Amino acid sequence: MTDGVTPISANERLARIEKARKLMRDNRIDAIYIEPGTSMLYYTGMRWGTSERMFAMVIPAKGDIAWVCPKFEEERARELITMGHDIRTWEEDASPYKRVAEILSDRGVRAGTVGIEERVRFFLYDGIRQAAPALKFVSATPVTAGCRIFKSPAEIALMQLANDITIEAYKATRASMTEGMTQGEFAGNCAAAFRALGAPGGGIFVSFGKYTAFPHGSSTPQQLKEGDVVLMDGGCAVEGYQSDITRTFVFGKPTDRQRKIWDLEKKAQDAAFAAAKVGAPCESVDAAARKVITDAGFGPDYKVPGLPHRTGHGIGMDGHEWTNFVRGNKTSIQPGMCFSDEPTIVIYGEFGIRLEDCLYITENGPKFFTKQSESIDKPF
């Protein structure tokens with residue numbers, strides 16, 4: 001299913017860097033520092049692993065971007081770097097932190113403000129701080145999140161494909177269920193399905209029976225038996241863009257109790273979707289889903305039996321990113337934002353039900369990437 005996929009273009013990445021520069025000016029930040037990870041990939045398409053040696057990039061508000069690289073890795077880096085020609089190297093007995101300070105100084109940033117990307121490890125920040133003591137350091141999140149939280153049509157298309165692949169992998173995995181199979185066998189079948197569909201990194205966690213009440217699974221070994229609730233949660237990435245889908249159903253014939261709770265969960269998911277209107281605060285989505293569940297006698301608040309976590313999270317290049325459908329989050333919902341919609345009903349000792357589909361916000365309101373489950377008997 002990934003044959004012919006269209007990756008993010010170089011022009012779109014350049015536009016992202018220009019938007020980052022505007023946000024830097026708006027937030028009085030003179031440059032941002034990023035090490036390998038999703039933000040580096042987002043801006044430049046560069047994939048590089050992290051180690052104890054600094055490999056990093058600096059995006060200044062004014063001037064060309066620059067890179068810091070171990071000297072012995074320079075040739076490999078030059079093969080991979082497609083944006084920016086200023087590559088500062090450091091030998092094993094030299095300081096990479098001084099290279100960062102030199103980059104900033106050469107761009108006129110000698111006593112200004114530098115944003116540190118949120119995933120940067122402390123020892124790197126601390127080394128730069130000591131090498132450039134006149135600088136002020138702040139979070140780069142207003143810049144990085146300010147760009148990444150709003151998805152372009154090209155990003156939405158990649159997320160759509162990731163979601164489409166995930167649904168097909170889930171269908172194939174459900175069809176493989178047999179009495180007595182273990183969680184590992186079930187998850188292994190799903191991983192094989194993802195590989196066959198062109199998403200080799202895709203996978204799930206799965207729970208059976210009473211362990212479906214654990215929102216992120218249990219370490220207890222489980223074997224599938226007739227009448228078990230089955231919860232599968234996971235996804236895959238296409239060109240770095242993630243899916244996240246949960247389906248819950250029963251192996252065999254559902255009981256009236258299972259059906260009733262499943263229907264309540266679907267009603268809560270529907271309420272969250274309806275509340276995700278352009279201009280509404282993110283917390284209103286959580287409130288809408290939680291009201292359905294508490295009105296049915298569960299909770300209140302985060303108490304169980306009931307909904308013990310937020311209703312949804314942002315999603316994009318990270319499976320969980322800015323921002324969240326959670327109480328207290330006044331962030332205004334705007335076109336281009338992407339979220340999961342996943343209220344859970346947890347009943348420890350019995351079972352749990354979660355339905356999770358991701359949505360994106362259009363000018364006219366929310367739209368799901370995937371078709372919701374119709375019923376406990378028709379999860380796809």
Side-chain angles (χ1 to χ4, degrees), residues 8 10-71 73-74 77-78 80-90 94-150 316-318 321-322:
I8 299 298
N11 284 339
E12 181 162 334
R13 295 195 195 281
L14 289 170
R16 293 170 178 179
I17 291 173
E18 289 310 308
K19 182 176 181 180
R21 286 178 168 142
K22 179 184 183 302
L23 290 170
M24 282 185 239
R25 292 191 292 271
D26 292 346
N27 289 276
R28 298 182 179 180
I29 295 174
D30 297 296
I32 60 173
Y33 173 89
I34 298 173
E35 70 164 319
T38 44
S39 286
M40 182 179 285
L41 179 61
Y42 174 84
Y43 287 113
T44 68
M46 179 63 160
R47 297 178 187 271
W48 193 278
T50 57
S51 74
E52 76 282 7
R53 296 182 175 95
M54 179 192 290
F55 182 91
M57 66 177 293
V58 175
I59 304 178
K62 296 178 182 179
D64 294 334
I65 67 172
W67 301 83
V68 180
C69 173
K71 177 62 179 176
E73 296 275 28
E74 181 179 3
R78 290 188 181 277
L80 298 172
I81 291 171
T82 60
M83 293 184 179
H85 303 291
D86 187 354
I87 302 174
R88 308 286 176 102
T89 62
W90 54 282
S95 168
Y97 312 112
K98 290 183 179 179
R99 296 291 181 269
V100 177
E102 290 164 2
I103 288 169
L104 294 168
S105 179
D106 289 349
R107 284 152 180 77
V109 184
R110 299 179 182 89
T113 300
V114 175
I116 302 294
E117 203 266 352
E118 66 179 81
R119 302 295 180 91
V120 171
R121 292 164 294 170
F122 178 80
F123 78 91
L124 295 170
Y125 153 71
D126 193 47
I128 298 166
R129 180 182 60 81
Q130 292 184 51
L135 295 175
K136 177 184 177 182
F137 295 91
V138 298
S139 169
T141 297
V143 178
T144 53
C147 291
R148 289 178 53 188
I149 199 170
F150 301 104
M317 295 187 75
D318 288 314
E321 60 180 45
W322 323 273

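Quick caveat, the model's predicted, so the values are computed rather than measured.
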Looking at every heavy atom in both [X] and [Y], which two are closest together, and how far apart are they?
X: Gly84; Y: Ile65; result: CA-CG1, 3.8 Å
X: Ile116; Y: Val120; result: CG2-CB, 3.6 Å
X: Ala77; Y: Cys69; result: CB-SG, 3.8 Å

[Y] and [X], any side-chain heavy atoms less than 4.5 Å apart:
X: Val58; Y: Leu104; result: yes
X: Phe123; Y: Tyr97; result: yes
X: Met46; Y: Ile81; result: yes
X: Val68; Y: Ile103; result: yes
X: His85; Y: Asp64; result: no
X: Arg148; Y: Glu321; result: yes
X: Thr50; Y: Phe55; result: no
X: Pro70; Y: Trp90; result: yes

What's the spacing between [X] [atom1] and [Y] [atom2] if we round to 0.5 Å?
X: Met83; Y: Trp67; atom1: CE; atom2: CH2; result: 9.0 Å
X: Met24; Y: Ile29; atom1: CE; atom2: CD1; result: 7.5 Å
X: Ser39; Y: Asp318; atom1: OG; atom2: CG; result: 7.5 Å

Below 3.5 Å, can you tabulate the donor-acceptor pairs from side chains in residues 12-20 to any protein atom, sequence neighbours excluded?
{"from": "Glu12", "atom 1": "OE2", "to": "Arg16", "atom 2": "NH2", "distance (Å)": "3.1"}
{"from": "Glu12", "atom 1": "OE2", "to": "Ser152", "atom 2": "OG", "distance (Å)": "2.6"}
{"from": "Arg13", "atom 1": "NH1", "to": "Leu41", "atom 2": "O", "distance (Å)": "2.7"}
{"from": "Arg13", "atom 1": "NH1", "to": "Tyr42", "atom 2": "O", "distance (Å)": "3.0"}
{"from": "Arg16", "atom 1": "NH1", "to": "Tyr42", "atom 2": "O", "distance (Å)": "2.6"}
{"from": "Arg16", "atom 1": "NH2", "to": "Glu155", "atom 2": "OE2", "distance (Å)": "3.4"}
{"from": "Arg16", "atom 1": "NH2", "to": "Tyr241", "atom 2": "OH", "distance (Å)": "3.1"}
{"from": "Glu18", "atom 1": "OE2", "to": "Arg21", "atom 2": "NH1", "distance (Å)": "2.7"}
{"from": "Lys19", "atom 1": "NZ", "to": "Gly146", "atom 2": "O", "distance (Å)": "3.3"}

NZ/NE/NH1/NH2 to OD/OE distance under 4.0 Å, Arg121 and Glu35: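 The answer is yes: the pair qualifies as a salt bridge.
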Short side-chain to backbone donor-acceptor contact, Asp30 and Val114, under 3.5 Å: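 Between the backbone of Val114 and the side chain of Asp30 there is no qualifying donor-acceptor contact (under 3.5 Å).
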Polar side-chain atom of Thr44 near backbone of Met40 as donor-acceptor pair, under 3.5 Å: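 At least one qualifying donor-acceptor pair exists.
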Salt bridge (Lys or Arg N to Asp or Glu O under 4.0 Å) pairs, two or more places apart, involving residues 102-117: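 Found Asp86-Arg107, Arg88-Asp106, Arg99-Glu102.
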Criterion side-chain contact (heavy atoms from CB on, under 4.5 Å) on Arg78 and Ile87, from CA distance to verdict: CA-CA 8 Å; Arg78 290 188 181 277; Ile87 302 174; 3.5 Å; yes
Side-chain H-bond candidate by donor/acceptor type, Glu118 with Trp322, under 3.5 Å: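 Note: Glu118 and Trp322 side chains meet the donor-acceptor criterion.
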Got a list of side-chain donor-acceptor pairs under 3.5 Å for residues 127-140, not counting sequence neighbours?
{"from": "Arg129", "atom 1": "NE", "to": "Asp126", "atom 2": "OD1", "distance (Å)": "3.2"}
{"from": "Arg129", "atom 1": "NH2", "to": "Asp126", "atom 2": "OD1", "distance (Å)": "2.3"}
{"from": "Gln130", "atom 1": "NE2", "to": "Asp126", "atom 2": "OD2", "distance (Å)": "3.1"}
{"from": "Ser139", "atom 1": "OG", "to": "Thr141", "atom 2": "N", "distance (Å)": "3.0"}
{"from": "Ser139", "atom 1": "OG", "to": "Thr141", "atom 2": "OG1", "distance (Å)": "3.0"}

Test side-chain contact (heavy atoms from CB on, under 4.5 Å) applied to Tyr33 and Leu124, step by step: CA-CA 10 Å; Tyr33 173 89; Leu124 295 170; 4.1 Å; yes
